[in-house]
Novice: 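Okay, here's the structure, questions in a sec.
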Amino acid sequence: MNTFVCIAEDVKLGKDVKLSKFINLYGCEIGDETKIGAFVEIQKNATVGKRCKISSHTFVCEGVTIEDNVFIGHGVMFINDSYPRATAAGGNLQTEADWKVEQTVVKKGASIGSGATILSNISIGENAIVGAGSVVTKDVPPNSIVAGNPAKLLRYIEQTVGVS
């Protein structure tokens, strides 16, 4: 194993996946022909589809599903807990038994701009575009462009380029 790449034995890598150095993958599944940039972490029970591009410094946490042909910009952060806490009711550090993973789905052909934060329990629609630096707090409709904090609908896309 390369000393600058940490890929756990339980990772399922598709055909022709391209991996940069300084990545951390464990318990996840990566589809065929996907490209993962440097300083990316993808946690267990996360799925990345075929022909995706995950740019550098991005964090894909447990519970995130990224479908095929999705672009994820630099430094995108996914969240899987609406009310995170360090400790449980008794004061001890939380364990996996103390909370439930919240799901997020990024549908086929969507694009998420650099520096966006994607909260949990949402869906980003097919072919949607999330502007750079946006904070996505609710579902994004298919074929739409959203941006801002919180992300708001700017307009719908009539036709997308490069998506069939």
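Since we're looking at a predicted model, the values are computed, not measured.
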Novice: Quick check for you: to the nearest 0.5 Å, what is the distance between Glu102 atom CD and Phe78 atom CZ?
Specialist: 15.0 Å
Novice: Do Trp99 and Asn80 touch side chain to side chain, with heavy atoms closer than 4.5 Å?
Specialist: yes
Novice: Going through the checks in order, is the side chain to side chain contact (heavy atoms under 4.5 Å, CB included) test met by Ile112 and Thr58?
Specialist: CA-CA 11 Å; Ile112 300 176; Thr58 289; over 6 Å; no
Novice: Any Lys/Arg nitrogen of Glu67 or Lys107 sitting under 4.0 Å from an Asp/Glu carboxylate oxygen of the other?
Specialist: yes
Novice: Would you check if Val135 and Pro150 make a side-chain contact, meaning some heavy-atom pair closer than 4.5 Å?
Specialist: no
Novice: When you group the ILVMFWY residues by side-chain heavy-atom contacts below 4.5 Å and let the links chain together, are Val136 and Phe71 in the same group?
Specialist: no
Novice: Is it possible for you to say whether Val101 and Ile118 belong to one hydrophobic cluster, with membership spreading through side-chain heavy-atom contacts below 4.5 Å?
Specialist: no
Novice: Where the side chain of Asp139 meets the backbone of Ser123, is there a donor-acceptor pair that is under 3.5 Å apart?
Specialist: yes
Novice: Supply the atom-to-atom distance Ile157 CD1 to Ile145 CD1, rounded to the nearest 0.5 angstrom.
Specialist: 4.5 Å
Novice: Would Met77 and Ile129 show up in the same hydrophobic cluster when neighbours are defined by side-chain heavy atoms closer than 4.5 Å?
Specialist: no
Novice: Evaluate Thr117 against Leu119 for side chain to side chain contact (heavy atoms under 4.5 Å, CB included), listing each step before the verdict.
Specialist: CA-CA 6 Å; Thr117 300; Leu119 299 187; 4.3 Å; yes
Novice: When rounded to the nearest 0.5 angstrom, what is the spacing between CD1 in Ile124 and CD1 in Ile72?
Specialist: 7.0 Å
Novice: Is it the case that one hydrophobic cluster holds both Phe39 and Tyr26, taking links as side-chain heavy atoms less than 4.5 Å apart, direct or via other members?
Specialist: no
Novice: Could you give the distance from CG (Asn45) to SG (Cys61), rounded to the nearest 0.5 Å?
Specialist: 11.0 Å
Novice: Looking only at atom types and distance, does a side-chain atom of Asn127 sit under 3.5 Å from a main-chain N or O of Asn143, one as donor and one as acceptor?
Specialist: no
Novice: For Ser82 and Asn121, work out which heavy atoms get closest and say how close.
Specialist: OG-ND2, 3.8 Å
Novice: Can you see which heavy atom on Pro141 is nearest to which on Ser144, and at what distance?
Specialist: O-OG, 2.6 Å
Novice: Without swapping roles, check the side chain of Thr34 against the backbone of Gly49 for a donor-acceptor pair under 3.5 Å.
Specialist: yes
Novice: Rounded to the nearest 0.5 Å, what separation is found between the CG atom of Asp68 and the SG atom of Cys52?
Specialist: 6.0 Å
Novice: Quick one: closest heavy-atom pair of Val60 and Ala46, and the distance?
Specialist: CG1-CB, 4.1 Å
Novice: Please evaluate residues Lys108 and Glu126 with respect to the criterion side chain to side chain contact (heavy atoms under 4.5 Å, CB included), reporting the C-alpha separation (whole Å), side-chain torsions for both, the decisive distance (0.1 Å), and the verdict.
Specialist: CA-CA 5 Å; Lys108 179 181 175 184; Glu126 194 166 313; 4.1 Å; yes
Novice: Please answer whether the main-chain N or O of Gln103 pairs with a side-chain N or O of Ser120 as donor and acceptor at a distance below 3.5 Å.
Specialist: no
Novice: Ignoring hydrogens and geometry, is there a side-chain-to-backbone donor-acceptor pair from Asp32 to Lys50 under 3.5 Å?
Specialist: no
Novice: List the steps and the verdict of side chain to side chain contact (heavy atoms under 4.5 Å, CB included) for Ser55 and His57.
Specialist: CA-CA 7 Å; Ser55 301; His57 298 87; over 6 Å; no
Novice: Measure across Ala110 and Gly125 and return the closest heavy-atom pair with its distance rounded to 0.1 Å.
Specialist: CB-O, 3.7 Å
Novice: Determine the minimum heavy-atom distance between Gln43 and Glu62, stating which atoms define it.
Specialist: OE1-N, 3.0 Å
Novice: What distance do Leu19 atom CG and Lys35 atom NZ have between them, rounded to the nearest 0.5 Å?
Specialist: 11.0 Å
Novice: For Ala116 and Val130, which heavy atoms make the closest approach, and how far apart are they?
Specialist: CB-CG1, 4.2 Å
Novice: Decide whether Ile7 and Ile66 are clustered together by the hydrophobic rule: side chain heavy atoms of Ile, Leu, Val, Met, Phe, Trp, Tyr closer than 4.5 Å, transitively.
Specialist: yes
